[in-house]
Amino acid sequence: MNDSPLALLGGEPAVTAAGPHFAWPPIEDVDRRAVAAQMETAVSIPDRSGVVADLEDALASYLGVRHVVTTCTGTAALHSMYAAAGIGPGDEVIVPALTFHATATPLFHLGAHPVLADVDGRGQLDLVDAGRRITGRTKAVVAVHLWGLPEDMDALVSFADEHGLMLLEDGSHAHGATWSGQCTGTFGAASAFSLNGPKPLSAGEGGFVATDDAELYYRVLLHGQFNKRCRREIPAGHPLSRFAVTGTGLKLRIHPLAAALAHAQLSRLDGYLAGRRAIADRMCAALDDVPGVHAPYVSTSAQPAWYALPLRYEPAELGGLPIQRFLDAVHAEGAVEADPPGSICPLGTHPLFQHPGAVLPGYADYHGPASGELPVAEYVHATMFKLPVWHREDDVRLADAYTAAIAKVAAHAKDLLL
Ligand SMILES: *Cc1c(COP(=O)(O)O)cnc(C)c1O
């Protein structure tokens, strides 16, 4: 294969399968039946019953937490988690600079300040930089298990303890990932997960908050699940129970049809993860001695969920070939789903993080990071691309074709430099 000229220069492509090459979630007859049956049972569930209770119970037992509350989106779950954690006006929350914006944006709706901290070369929160950003108003630090690769939770737990900060988690890429055998999303005071379309566990649209803490759980209910849930789940006589009818005023419930899909998917999650781990290991091994392309570091304590396989591109190893030219050649080889990171980007580049005061009251004095202030987040973002991680044995050939396409372009990089 490597003897053929690059497809970009007129040779035969390495990937010949017709696209799209990756679709998620896998929809099977059990999913169709579960959603169809749900339509006959209830399409609106105002309390913790039916498929909503089934999904929350199954998630709580899967993760090993006491309480799970489902929501309409992951963004809503993050909003409820922060509100329940008591984060309010003027409070600062340390968030990694490189993540999806919704890790941080709900803070703007609580009057709080996201404080962006740099990441390290692996894309994980840099605790030295995070430590420098702590002030008297810092309340919490957020762990984001980007691409399904668990953060170093030993380090994060001791960092949070040492500085007296609440540890919160955004597990949206990392359903079923583990650190030292413990599920991500169970290390902090609470965690929020997305169940959006492409996430490892999908409801199409949805999310949930997980916590062991009863007070946090009651406050999550008050934030977005008013009336019946609050009345039945917050004990009578608890000081918050008198707010049950209205909650704090938002309605963020999951749709029962979405809950039915996620519930059916959850029973297959471990199978998906085992398949992804086998294929990710195979792809990393295939790329091991390909110059210019580096597989991610995975700690021996970590079992990733492999939401994607993030690869670091090192142009110096390929004569300075720019990443865009490299990816153009990879795409011409037919590996069209080898992608730059898209919506995962340094948050400081978003106008909302630079000038929130232009669209949100109370933020006139908030200034996002100056250009160059979070250099590693910018560098990691500018030098990475990601591959889909398939889970079925039938897809091994496609995975092999993708890594072959990358190896081929790397082997022929000098043809692109002329
Ligand atoms: C998808 C995602 C969210 C937001 O979830 P939605 O369900 O799309 O609202 C938040 N954080 C991360 C890291 C995500 O990937």
Side-chain angles (χ1 to χ4, degrees), residues 24-25 55 59 68-83 85 87 93-110 114 116-117 119 123-125 140-151 156 167-177 183-185 187-188 190-210 220 223-224 250-255 257-259 261-262 265-266 304-310 339-347 349-350 352-353 377 380-381 384 386 388-389:
W24 197 261
L55 175 60
L59 285 167
V68 165
V69 179
T70 47
T71 55
C72 53
T73 62
T75 307
L78 284 151
H79 194 186
S80 289
M81 174 180 76
Y82 292 134
I87 289 163
V93 176
I94 295 177
V95 177
L98 185 65
T99 178
F100 182 64
H101 59 74
T103 302
T105 49
L107 294 166
F108 287 127
H109 297 272
L110 294 166
L116 305 183
V119 296
Q124 303 217 327
L125 188 64
V141 56
V142 186
V144 184
H145 310 287
L146 216 56
W147 312 117
L149 291 154
E151 288 269 330
L156 262 154
L167 176 60
L168 300 170
E169 294 176 74
D170 180 349
S172 298
H173 292 184
H175 315 68
C183 279
T184 53
F187 289 85
S191 62
F193 288 75
S194 171
L195 296 172
N196 186 46
K199 305 297 162 73
L201 179 65
S202 180
E205 291 287 357
F208 64 92
V209 180
V220 167
H223 187 250
L250 298 180
K251 186 185 183 199
L252 305 173
R253 298 202 300 243
I254 196 170
H255 195 293
L257 300 185
L261 177 58
Q265 292 282 322
L266 179 56
W306 294 116
Y307 178 48
L309 174 59
D339 281 330
S343 59
I344 308 293
C345 66
L347 297 187
T349 59
H350 292 296
L352 181 64
F353 286 83
V380 169
H381 177 253
M384 75 154 289
K386 63 188 169 66
V389 181

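Counting starts at 1 for both ligands and their atoms, in listed order. These numbers come from the heavy atoms of this one structure, side chains and all, not from hydrogens, waters or symmetry mates.
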Query raised in the report: Does the side chain of Asn196 reach to within under 4.5 Å of the side chain of Glu205, using non-hydrogen atoms?
Result: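 The answer is yes; the side chains approach within 4.5 Å.
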Report task. Please determine which of Leu347, Asp170, Ile344 meets the side-chain contact (heavy atoms from CB on, under 4.5 Å) test together with Phe100. Result ->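 It is Ile344; the other options fail the test.
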**Report entry** Expected output: side-chain Trp24 to main-chain Lys199 donor-acceptor under 3.5 Å
**Finding:**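 Present.
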**Report entry** Check: Pro150 main-chain N/O paired with His145 side-chain donor or acceptor under 3.5 Å
**Finding:**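 Pair absent, no side-chain N/O of His145 close to backbone of Pro150.
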Identify all pairs of nitrogen or oxygen atoms, one from ligand 1 and one from the protein, separated by less than 3.5 Å, and list them with distances.
residue  : atom   : partner : partner atom : Å
ligand 1 : 5 (O)  : Ser194  : OG           : 3.2
ligand 1 : 7 (O)  : Gly74   : N            : 2.8
ligand 1 : 7 (O)  : Ser194  : OG           : 2.6
ligand 1 : 9 (O)  : Gly74   : N            : 3.3
ligand 1 : 9 (O)  : Thr75   : N            : 2.8
ligand 1 : 9 (O)  : Thr75   : OG1          : 2.5
ligand 1 : 11 (N) : Asp170  : OD2          : 2.7
ligand 1 : 15 (O) : His173  : NE2          : 2.7
ligand 1 : 15 (O) : Lys199  : NZ           : 2.9

Query raised in the report: Minimum heavy-atom separation for Ala117 to Ile94, with atom names?
Result: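 Looking at all heavy atoms of both residues, the shortest contact is CB-CG2, 3.8 Å.
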Query raised in the report: Do Tyr82 and Phe108 make the cut of ring centroids closer than 6.0 angstrom?
Result: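 Between Tyr82 and Phe108, the centre distance exceeds or equals 6.0 Å.
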